[in-house]
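Accompanying notes for the structure given below.
What you see below is based on every heavy atom in this structure, not just the backbone, and it leaves out hydrogens, waters and symmetry mates.
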Amino acid sequence: MRLYHIFKTLLPNFSLTPSARVIAGQLRKPSGLLAKRVGQKMNESNRHLYALAISQLNIKPADHVLEIGFGNGKFFEDIFAKADNVKICGVDFSAEMVKEANKNNKSRVKSGQLNLRLGTSENLPYKDDTFDHIICINVIYFWQFPEAHFKELLRVLKPGGRLYLGIRPKEILAQLPFSQHGFHLLETIQWTEMLEDIGYTFVDSITQDEPPTHVNGKAFPMKGTCLIVEKN
């Protein structure tokens with residue numbers, strides 16, 4: 001993943017290179033002319049983290065799954081492949097990503113297996129105790145008040161249901177220039193303690209090494225963590 005080079009290629013007709021602030025804003029909420037291409041590049045940078053989180057999902061037939069921040073919907077099929085008759089709902093903050101994900105998953109949407117909504121995760125349009133699993137990849141750093149989001153996710157999660165958070169360790173994100181603009185950076189143990197204070201029970205934390213990322217010609221080591229918690 002060569003983030004600065006990616007964003008340079010997104011704007012071939014402009015003389016200015018996108019600033020770290022612009023890049024951070026697009027990663028938080030893909031929008032405008034850049035949105036489609038940003039979604040595609042996020043698939044590339046997130047694929048190892050998605051694979052880690054999805055590998056931990058213990059999905060049974062007819063389970064209900066919620067994804068927060070699904071981007072262009074590239075990885076829904078990997079979740080559907082885990083069991084038969086799975087139903088997935090998704091909420092994303094970007095209107096462009098909701099549009100792309102619906103287009104990229106037409107048959108699943110038409111069949112009723114997949115339902116995608118524009119919205120935010122601190123105010124979800126679902127009843128209490130709806131979902132068996134919730135997955136959220138590279139999203140939580142963008143929440144100004146993460147406790148409100150985690151409480152809402154706890155509300156819609158069934159007792160015994162699990163929340164799977166795909167995150168980058170703080171020491172990894174802190175190296176990258178764009179993370180200084182609107183990213184809420186915490187150590188994994190701090191995220192865990194916050195979740196436990198809200199009422200979740202810690203289950204596991206798995207960290208893996210990933211290929212390095214390149215920013216402005218410099219290589220940085222990359223890691224991904226899947227943090228798993230449960231509703232009692």
Side-chain angles (χ1 to χ4, degrees), residues 1 27 39-92 97 101 104-105 107-108 113-116 121 130-142 146 149-150 153-154 156-173 186-192 194-196 200-213 220-232:
M1 180 180 66
L27 293 175
Q40 293 169 347
K41 291 303 178 182
M42 287 196 300
N43 291 342
E44 296 176 14
S45 62
N46 291 338
R47 63 189 177 93
H48 295 287
L49 197 48
Y50 261 103
L52 174 62
I54 292 173
S55 74
Q56 301 302 311
L57 286 170
N58 184 24
I59 296 181
K60 302 181 293 298
D63 274 358
H64 285 209
V65 181
L66 172 65
E67 181 172 0
I68 301 298
F70 49 77
N72 66 13
K74 166 70 174 178
F75 299 99
F76 285 134
E77 284 302 322
D78 294 334
I79 300 175
F80 280 119
K82 300 284 288 187
D84 294 330
N85 301 316
V86 173
K87 184 175 181 179
I88 301 177
C89 293
V91 173
D92 199 286
M97 291 298 95
N104 293 336
N105 297 273
S107 62
R108 295 291 190 181
Q113 294 175 286
L114 180 63
N115 180 270
L116 305 177
S121 48
T130 297
F131 297 101
D132 301 283
H133 316 270
I134 300 176
I135 185 170
C136 183
I137 305 297
N138 269 342
V139 171
I140 63 176
Y141 340 106
F142 301 114
H149 296 260
F150 289 140
L153 296 181
L154 186 65
V156 302
L157 195 61
K158 293 179 182 179
R162 292 185 174 183
L163 170 62
Y164 302 79
L165 297 171
I167 60 176
R168 304 291 183 199
K170 180 180 179 179
E171 68 272 15
I172 295 296
L173 277 180
L186 294 177
E187 303 286 356
T188 302
I189 186 62
Q190 291 175 294
W191 289 118
T192 303
M194 181 187 299
L195 289 159
E196 289 179 328
Y200 293 90
T201 297
F202 173 79
V203 175
D204 205 354
S205 177
I206 307 102
T207 297
Q208 66 180 10
D209 291 324
E210 297 182 14
T213 186
F220 294 91
M222 187 57 54
K223 292 183 178 182
T225 294
C226 180
L227 175 58
I228 308 169
V229 292
E230 185 173 282
K231 179 176 180 177
N232 294 327

Mind checking whether [X] and [Y] have side chains closer than 4.5 Å, heavy atoms only?
X	Y	answer
V229	R162	no
E171	E187	yes
I172	M222	yes
W191	P146	yes
I79	I88	yes
M194	F150	yes
L165	L195	yes
Y164	L227	no

Does [X] [atom1] have over 12 foreign heavy atoms under 6.0 Å away?
X	atom1	answer
K87	NZ	no
K231	NZ	yes
K82	NZ	yes

Output the distance between atom [atom1] ([X]) and atom [atom2] ([Y]), rounded to the nearest 0.5 Å.
X	Y	atom1	atom2	answer
R47	D78	CZ	CG	12.0 Å
T207	L52	OG1	CG	8.0 Å
C136	L163	SG	CG	7.0 Å
I59	D132	CD1	CG	9.0 Å
I137	L49	CD1	CG	5.0 Å
L153	S121	CG	OG	5.5 Å

Nearest heavy-atom pair of [X] and [Y]: which atoms, and what distance?
X	Y	answer
A83	P61	CB-N, 3.7 Å
A101	G73	CB-N, 3.8 Å
K170	L186	CB-O, 3.5 Å

Steps toward side chain to side chain contact (heavy atoms under 4.5 Å, CB included) verdict (R168, K223): CA-CA 6 Å; R168 304 291 183 199; K223 292 183 178 182; over 6 Å; no

Derivation of the side chain to side chain contact (heavy atoms under 4.5 Å, CB included) call for I206 and Q56: CA-CA 9 Å; I206 307 102; Q56 301 302 311; 3.8 Å; yes

Full working for side chain to side chain contact (heavy atoms under 4.5 Å, CB included) between E230 and Y200: CA-CA 5 Å; E230 185 173 282; Y200 293 90; over 6 Å; no

Only distances under 3.5 Å count here; give the side-chain donor-acceptor pairs of residues 63-70 to other protein atoms, sequence neighbours excluded, each with its distance to 0.1 Å.
| from | atom 1 | to | atom 2 | distance (Å) |
| --- | --- | --- | --- | --- |
| D63 | OD2 | K60 | N | 2.9 |
| D63 | OD2 | H133 | NE2 | 2.8 |
| E67 | OE2 | Y50 | OH | 2.3 |

Residue pair T188, T225: steps toward the side chain to side chain donor-acceptor pair (under 3.5 Å) verdict: CA-CA 8 Å; T188 302; T225 294; 4.6 Å; no

Charged tip of R108 within 45° of F80 ring normal and under 6.0 Å: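 Judged by the rule, R108 and F80 form a cation-pi pair.
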
Step-by-step side chain to side chain contact (heavy atoms under 4.5 Å, CB included) determination, T201 to E196: CA-CA 6 Å; T201 297; E196 289 179 328; over 6 Å; no

